[in-house]
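Read through the structure below, which is laid out as structure tokens, and then see the notes.
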Amino acid sequence: MMTDTERTRRFNELAEAYSTDLYRYAMWKCGNDALAKDLVQETFLRAWRALDSLKDGAAAKSWLITILRREYARTFERKVPKFTDVDKVVVVDDDELEPDAQAEREVLRKGVLKLEPKYRDPLLLQVVFGHSCAEISEQLGISKSAVMTQLFRAREKLKAQLQKDGVTGNVHELF
Amino acid sequence: MSMNFSEFKKLIGADPLNREPETLRARQSSAEFEAAAAEAEAFEEKLQGALNIEAPTELLADIKAISRQAPKQRRWMPLAIAASMLIAVGAAGLVWKQSHQWDSVEAYVADHYSHDGSKLVAQADSPVPGQDVQRIMARLDAEADQKLLGRVTFIKFCPTPDGRGAHMVVSTDQGPMTIIFMPETQVDDGNRVEFEQMHALLVSLEHGSAAIIGEKSQNVENLVPLVRESIKPGFVGA
């Protein structure tokens, strides 16, 4: 049983290590800054209450993602946000990009938000959290080959969107 | 057996940063494979750049504040109470999930409180540091005065019909009650809501509105002066 001090220290370490990635994940899942913040806070509130059940520190990231995914399903899945304010969020080093590259990012962001959840979810777990296909398979409860297929198709759709919007730049259709 | 070009393209299309020995061997097997891998990596870099948004600066502080105000799960809760709570929470979760397009503020209040309101009341038992309350209120362009600050035993952001609000538990001489502050929502002052064992009173404020929620045995009207006098507009953008 942890002391209150140990508990707080452990909780703060989790917050420092994972809050940013969880926010990114939430943001790209729901496309709304305020909802994403609420979702992350709710995730950590539940994590705080259940912290004693986290026995393996190495499993913390997956544990938090699972909490967030459940909270998302429970709270937001039927409440489709009225708008997406992805354009308002601060994006790292966007201002330093050439206009074409900025346009590409814009198309990619909108493309990600348009992806069906079955494509978007594995893609976010891979890109935002750096999950392997095996980890995504475990997190989503689907086979590794299904994960590979969905990841492949997700990228195909994004590439097609870039081509459709005429901002392919030096990205060529690979397949 | 080495993979062919089609298999390689599918692999790097799904996992562009794959560094397994077999993948690396295939990549180095010809210029065609190498070019395809480089192209997949270039796309991945763009994708990562597009998704690499910054978290709001206040988010970490808000999360850390949780440990100062929310008690951990109680382990000594009698089994019978725990079981009944589980059923209640399950039922509340169902209601919450089923409705999310509220027809009225009254429907929102009942739905929102049913989600986890009772649980938060049961768990909130020590005062929240005033600075944490003020930080959340400031984010909602509001502020709370000292009379309210000393009574708040739990506070968090919460969804409201018109954006973000605050869910508070406050101590009163009748026991803990809940206040939902809705900075962007207008209500018919004095409207009442009854649900399960609870009742709520809607109060118009100088800045938005609030719902005061208590058990039916509690007199929610008693809290109206405190709520009206204590929740004020703050500095916009604070």
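Just so it is clear: chains get the letters A, B, ... in the order the sequence lines come, proteins before strands, and each one is counted from 1.
Separating the OG atom in Ser19(A) from the CG atom in Asp62(B) is a distance of 10.5 Å, to the nearest 0.5 Å. Between the CG atom of Asn32(A) and the CZ atom of Arg164(B) there is a distance of 10.0 Å, given to the nearest 0.5 Å. To the nearest 0.5 angstrom, Arg153(A) atom CZ is 9.0 Å from Lys10(B) atom NZ. Taking CG from Leu158(A) and CZ from Phe43(B), the interatomic distance works out to 5.0 Å, rounded to the nearest 0.5 Å. Taken to the nearest 0.5 Å, the CD1 atom of Ile53(B) stands 12.0 Å off from the CZ atom of Arg105(A). Leu108(A) CG to Lys46(B) NZ: the interatomic distance, rounded to the nearest 0.5 Å, is 8.5 Å.
At a 4.5 Å heavy-atom cutoff, Leu22(A) makes no contact with chain B through either its backbone or its side chain. With a 4.5 angstrom heavy-atom cutoff, Leu51(A) does not touch chain B via any of its atoms. Heavy-atom distances place the side chain of Gln126(A), and not its backbone, under 4.5 Å from chain B. Neither the backbone nor the side chain of Gln150(A) comes within contact range of chain B; no heavy atom of the residue lies under 4.5 Å from a heavy atom of that chain.
Panel note: side chain Arg109(A), backbone Leu51(B); no donor-acceptor pair is recorded below 3.5 Å. Panel note: side chain Glu42(A), backbone Phe157(B); no donor-acceptor pair is recorded below 3.5 Å.
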Checklist entry - Can Leu59(B) and Gln41(A) be said to form a side chain to side chain contact (heavy atoms under 4.5 Å, CB included), step by step? => result CA-CA 8 Å; Leu59(B) 182 66; Gln41(A) 288 194 63; 4.2 Å; yes
Checklist entry - Where do Arg139(B) and Lys37(A) land on the side chain to side chain contact (heavy atoms under 4.5 Å, CB included) test, with the steps shown first? => result CA-CA 12 Å; Arg139(B) 221 60 63 59; Lys37(A) 281 188 275 196; 6.0 Å; no
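Asp15(B) is not listed as a side-chain neighbour of Leu151(A), based on a closest heavy-atom distance of 4.5 Å or more. Counting heavy atoms from C-beta on, the side chains of Ser67(B) and Asn12(A) come closer than 4.5 Å. With contacts defined as side-chain heavy-atom distances shorter than 4.5 Å, the pair Phe44(A)/Leu60(B) does not qualify. The closest side-chain heavy-atom distance from Trp48(A) to Ile63(B) is not below 4.5 Å. The shortest side-chain heavy-atom distance between Leu47(B) and Leu123(A) falls under the 4.5 Å cut-off.
Geometrically, Lys64(B) does not engage Phe11(A) in a cation-pi contact defined by less than 6.0 Å to the ring centre and at most 45° from the axis.
With a 6.0 Å radius and a threshold of 12 heavy atoms from other residues, nucleotides or ligands, Glu6(A) has its CD atom above the threshold. Within a 6.0 Å radius of CD in Glu7(B), other residues, nucleotides and ligands contribute more than 12 heavy atoms.
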